[in-house]
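Below: the structure, in structure tokens.
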Amino acid sequence: MEKPSIPQGTRDFGPAQVARRQYIFNVIRRTFETFGYAPLETPTLENLSALTGKYGDEGDQLLFKVLNSGNFLVKERRGEITPIVTAEDLDAGHKAVLPKIAEKGLRYDLTVPFARYVAMNRGTLTFPFRRYQMQPVWRADRPQRGRYREFWQCDADVVGTDSLLCEAEIVLMMAQVFNGLGLTDFTIKINHRGVLRNIYQALGSEGTETDLFVAIDKLDKIGRDGVSKELLEKGFSEPTIDTLFELLSVAGSYPEKLSRLLAGFVTAGVEPDGLRPAADSEDEGTAFYKGLNELAEVRDILQASGFTQFDRLEFDPTLARGLSYYTGCIFEVKINNVQMGSVSGGGRYDNLTGSFGLPGVSGVGFSFGVDRLYDCLESLDLFTETGETPTRVLLTHFDAASGRAALPLLAELRAAGIPAELYPDASKLQKQFKYADAKGIPLVVILGPEELAAGVAKVKILKTGEERTLPLGEVVGALTL
RNA sequence: GUAGAUAUAGCUCAGCUGGUUAGAGCGUCGGAUUGUGAUUCCGAAGGUCGUGGGUUCGAGCCCCAUUAUUUACCCCA
């Protein structure tokens with residue numbers, strides 16, 4: 001017989017796990033709704049063409065493709081058979097064959113399907129449109145710690161405004177969720193694609209932007225030497241790399257880093273996005289860089305909103321993030337006292353709906369990785385007690401007569417909203433008690449021949465061992481209290 | 001895609017330089033207690049040692065292949 005198994009990188013969730021996961025979902029959902037986001041669900045399958053090209057080359061390779069149904073090799077119409085995959089296609093390799101045999105794919109994230117939805121429903125939506133979405137996504141990645149092939153994201157996005165209030169609210173929501181889950185030691189990292197572009201410009205535009213971003217994103221992981229080595233291989237010169245590290249080494253608080261980078265960009269002669277008139281003189285004004293400026297404003301809005309956890313918010317100019325659709329602010333959150341990749345991330349995308357025929361709609365959003373949050377909470381032992389079953393009361397079963405006699409009480413309990421079950425078999429009472437104990441059911445009602453004769457029921461509280469005898473008619477009332 | 005580790009009872013793992021009938025703890029089931037759980041005591045069931053080859057008088061142990069799991073890289077939630 002074949003050993004039962006499930007595909008690599010997927011998991012079953014037992015009752016206890018589901019209860020814990022629901023707890024996480026509820027904290028997130030409550031936060032999203034508090035900020036005015038409305039729920040949305042989209043299909044598991046998307047047209048492959050809607051997914052490709054949005055996540056960079058690496059991302060495209062991680063898409064799960066779904067084979068066309070039926071005979072995907074030939075098309076038969078009125079007896080006429082034409083090949084779908086030709087010999088030339090096969091010669092050209094899998095990349096030529098793929099789009100002909102797989103037209104659908106599993107969603108890779110929730111942001112791109114959302115952009116597709118917005119473009120399709122532009123006529124009926126009221127902008128700015130805020131939506132949240134909690135659904136599984138799939139990536140054909142090699143599974144390892146904190147990485148699964150099927151995992152759940154909780155996404156909140158707002159489109160149709162480029163107000164930085166939205167960015168600030170993302171920080172507020174992130175903090176609210178982590179605080180709500182009891183995860184106190186977190187760091188929200190923030191950066192801006194504009195800052196990264198300015199850094200690239202400050203280097204005199206050597207090499208390619210992507211190579212630069214990919215390399216510096218790894219700074220905290222492989223260190224300065226590792227990044228230098230990688231950049232040298234990508235064609236950056238040594239003096240350029242020195243300039244880079246000088247820029248990246250800015251230290252201090254969030255605002256201090258901003259002003260130091262500003263000075264660095266001016267020194268390097270980076271073309272500013274404009275000039276801001278000086279406050280009281282007739283100077284030529286100070287250089288104005290959109291990225292730095294927006295980061296400063298996000299912080300101002302947070303301050304005005306009563307946000308206090310600035311020690312948890314870090315401006316990190318090395319944060320890059322791989323998803324290629326980001327254009328403005330970018331976010332990433334790490335839980336510090338546990339070894340786990342980022343548990344949340346997001347950013348602004350100016351033109352994601354453009355690829356679906358709706359240009360000029362800016363959006364910003366972020367996402368929580370539920371599975372990683374779960375792993376963090378578990379390794380930090382932060383789950384409060386969650387039972388294996390919702391059942392609160394177990395009715396015991398002695399024989400056919402007592403089992404039958406318990407049914408009215410069972411119905412009464414359920415009608416009163418108390419989750420209850422009757423042990424289905426007339427097993428030994430010992431066994432029924434063991435069952436209640438193993439499942440964490442707090443109350444056992446004993447309704448045997450003796451009790452029935454007297455018109456009473458015994459209610460036992462398992463935790464304390466306390467047992468009370470009540471008239472049958474008062475049981476539900478006593479348990480409701 | 002690249003590199004490493006692991007695979008023995010339902011679960012977690014022992015198993016000596018290759019040597020007779022492969023062990024423990026937990027869990028399960030039964031009994032002590034025929035109407036009272038979690039504690040205690042007694043007992044039982046449960047394994048073709050991932051799979052397929054090979055070396056050997058003899059393989060859970062050594063060699064080869066294969067599959068699965070897992071860790072790191074890449075990338076990401």
TODO: Compare the aromatic ring of Phe368(A) with the six-membered base ring of A77(B) and state whether they stack according to the 5.5 Å and 30° rule.
DONE: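 Stacking between Phe368(A) and A77(B): absent.
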- [ ] Check whether any side-chain nitrogen or oxygen of Gln144(A) sits under 4.0 Å from OP1 or OP2 of A72(B), and answer yes or no.
- [x]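 So the side-chain polar atoms of Gln144(A) do come within 4.0 Å of the phosphate oxygens OP1 or OP2 of A72(B), strictly under.
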Given the [atom1] atoms of [N] and [M], what is the spacing between them in whole Å?
N	M	atom1	answer
U8(B)	A68(B)	C1'	16 Å
C16(B)	C61(B)	C1'	10 Å
C64(B)	U28(B)	P	42 Å
A72(B)	A14(B)	C1'	28 Å
C13(B)	G60(B)	C1'	14 Å
C57(B)	C73(B)	P	47 Å
U67(B)	U51(B)	P	15 Å
U36(B)	U21(B)	P	46 Å

Open item on the list: Return a single string for nucleotides 30-38 of chain B, one symbol per nucleotide in 5' to 3' order, where B is base contact, S is sugar-phosphate-only contact and - is none, cutoff 4.0 angstrom on heavy atoms.
Closed with: -S---BBBS
Task: Nucleotide of U71(B), U2(B), C75(B) approaching Arg145(A) most closely (side-chain heavy atoms) - done: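 Among U71(B), U2(B), C75(B), the one nearest the side chain of Arg145(A) is U71(B).
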- [ ] Select one nucleotide: of A77(B), U2(B), C74(B), the one nearest the side-chain heavy atoms of Lys218(A).
- [x]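 Closest nucleotide to the Lys218(A) side chain: C74(B).
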Open item on the list: Which label fits Tyr132(A) and Phe32(A): parallel for a plane angle under 30°, tilted from 30 to 60°, or perpendicular past 60°?
Closed with: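 Taking Phe32(A) first and then Tyr132(A), their aromatic rings sit tilted (interplane angle of 30° to 60°).
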Open item on the list: Which label fits Phe315(A) and Tyr254(A): parallel for a plane angle under 30°, tilted from 30 to 60°, or perpendicular past 60°?
Closed with: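 The arrangement is tilted - the two ring planes meet at 30° to 60°.
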Open item on the list: Are Phe368(A) and Phe178(A) an aromatic pair, judged by ring center distance below 6.0 Å?
Closed with: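 Yes.
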Task: Contact nearer the 5' end of RNA chain B, comparing Arg142(A) with Ser367(A) - done: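 The residue whose closest nucleotide sits nearer the 5' end is Arg142(A).
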Open item on the list: On RNA chain B, does the nearest nucleotide to Asp141(A) precede the nearest nucleotide to Pro7(A) from the 5' side, or the other way round? Give the residue.
Closed with: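 Taking each residue's closest nucleotide, the earlier one in sequence belongs to Pro7(A).
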Task: Lys439(A) NZ - U28(B) P separation (whole Å) - done: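 The answer, rounded to whole Å, is 13 Å.
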Polar contact flag, side-chain donor to acceptor under 3.5 angstrom, [X]-[Y]:
X	Y	result
Asp162(A)	Ser362(A)	no
Glu421(A)	Thr391(A)	yes
Gln133(A)	Arg131(A)	yes
Asn198(A)	Gln201(A)	yes

TODO: Identify whether the distance between the nearest side-chain nitrogen and carboxylate oxygen of Lys218(A) and Glu230(A) falls below 4.0 Å.
DONE: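 Result for this pair is yes, salt bridge flagged.
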TODO: Have a look at Val214(A) and say if it touches a base, only the backbone sugar-phosphate, or nothing, with a 4.0 Å heavy-atom cut-off.
DONE: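 Sugar-phosphate, no base atom in range.
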- [ ] Assign Ser344(A) to base, sugar-phosphate, or nothing according to its heavy-atom contacts below 4.0 angstrom with the strands shown.
- [x]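 Result for Ser344(A) = sugar-phosphate.
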- [ ] For Phe331(A) and Leu319(A), work out which heavy atoms get closest and say how close.
- [x]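 Nearest pair, atom of Phe331(A) first, then Leu319(A): C-CD2, 4.1 Å.
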Open item on the list: I need the minimum non-hydrogen distance between Ala426(A) and Gln432(A), along with the two atoms involved.
Closed with: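 Heavy-atom minimum between the residues: C-NE2, 4.5 Å.
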Task: Under-3.5 Å donor-acceptor pair between Arg147(A) side chain and A77(B) base - done: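 Absent.
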TODO: Convert the base pairs of RNA chain B into dot-bracket notation, remembering that pairs crossing earlier ones are written with [ ] and that bases paired across to another strand are shown as |; include only Watson-Crick or G-U pairs under 3.5 Å.
DONE: (((((((..((((.....[...)))).(((((.......))))).....(((((..]....))))))))))))....
